[in-house]
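The structure appears below as structure tokens.
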Amino acid sequence: LLFWERGKQSRRTMRWYAEEIRDIRRAWAKELYGPELSVIGKVKDAARQELVSTAKQLLDQARFSQRGTSVEQGYQQTLRTHLEALQAELPGRGRLAFAYMPPDVKDRVLTIARWMVHEDPRLKVAMAQYTAQAVQFGMVHWSAPGGTDWGGPEQAAKRQAAAQEMRLRAEQDMLQRLATP
């Protein structure tokens, strides 16, 4: 793309700064992909809400010992065991907020959340949908580091690495949201 300034030239060089290119790219993405991003955002939000509500439902079932199938009972019993072990590590008083927990307790809570997602089919499907939408959303704004060349195997590898990083960040974000309840 070429740009021309009207009137007197205001730049000493003919180069754009990285921040300017990023801002232009964001504005174009918002304008060009706005309707698509809206749909992706709605699907992502629905998956996030499904994850949180299902996790709360599973925690309530484990807490209040509601009966289910033998598979559900095994899951609930294991979850109850994890929660009881966690309860022993929590401080006796104060606010139980994930952000204020000691690092070792945070790791334990995240491990339980990760286990829940891995073992429950509903959570697993919703997590896959959430991360896929987060990656799709993020790739609209992604630009190759060090240039604008979109072709070749080197750029494909960079793009794939960026998608994997986005997937991991989305998963980590979601696990922290699930750790809160």
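Numbering of residues begins at 1 and proceeds along the displayed sequence.
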| query | Side chains of R80 and Q77: do they bring a donor and an acceptor to under 3.5 Å? | reply | yes

Please name all residues satisfying side chain to side chain contact (heavy atoms under 4.5 Å, CB included) with [X], sequence neighbours left out, ordered by chain then number.
| X | answer |
| --- | --- |
| Q164 | R167, L168 |
| E31 | none |
| A46 | none |
| K56 | V52, P181 |

Got a sec, which residues hit salt bridge (Lys or Arg N to Asp or Glu O under 4.0 Å) with [X], two or more places apart in sequence or on another chain?
| X | answer |
| --- | --- |
| R108 | E89 |
| D23 | none |
| D45 | R48 |
| R114 | none |

| message | Which residues pass the side-chain hydrogen bond (donor to acceptor under 3.5 Å, both in side chains) test with Q129, not counting sequence neighbours? | response | none

| said: Checking T54 now: which residues fulfil side-chain hydrogen bond (donor to acceptor under 3.5 Å, both in side chains) with it, not counting sequence neighbours? | reply: E50

How far does [atom1] of [X] sit from [atom2] of [Y], to the nearest 0.5 angstrom?
| X | Y | atom1 | atom2 | value |
| --- | --- | --- | --- | --- |
| T78 | E119 | OG1 | CD | 8.0 Å |
| D60 | Q76 | CG | CD | 11.0 Å |
| D120 | M127 | CG | CE | 11.5 Å |
| T131 | K44 | OG1 | NZ | 10.5 Å |
| D107 | M101 | CG | CE | 11.5 Å |

| query | Pairs in or reaching into residues 96-131: which pass ring pair (Phe, Tyr, Trp, His ring centres under 6.0 Å), with residues at least two apart or in two chains? | reply | Y75-W115, H82-W115

| Would R177 and D173 pass as an ion pair if we require N to O under 4.0 Å? | yes

| query | Hey, any chance M174 and V125 share a hydrophobic cluster, counting ILVMFWY side chains that come within less than 4.5 Å of each other, even indirectly? | reply | no

| said: For residues M139 and V43: do they belong to one hydrophobic cluster (side chain heavy atoms under 4.5 Å, members Ile, Leu, Val, Met, Phe, Trp, Tyr)? | reply: no

Donor-acceptor contacts, no H, no angles, side chain residues 32-40, under 3.5 Å, sequence neighbours left out:
none

| query | What are the two closest non-hydrogen atoms of A126 and A47, and how far apart are they? | reply | O-CB, 3.8 Å

| query | What's the verdict on side-chain contact (heavy atoms from CB on, under 4.5 Å) for I112 and L178, showing C-alpha distance, side-chain angles and the deciding distance? | reply | CA-CA 10 Å; I112 294 170; L178 294 178; over 6 Å; no

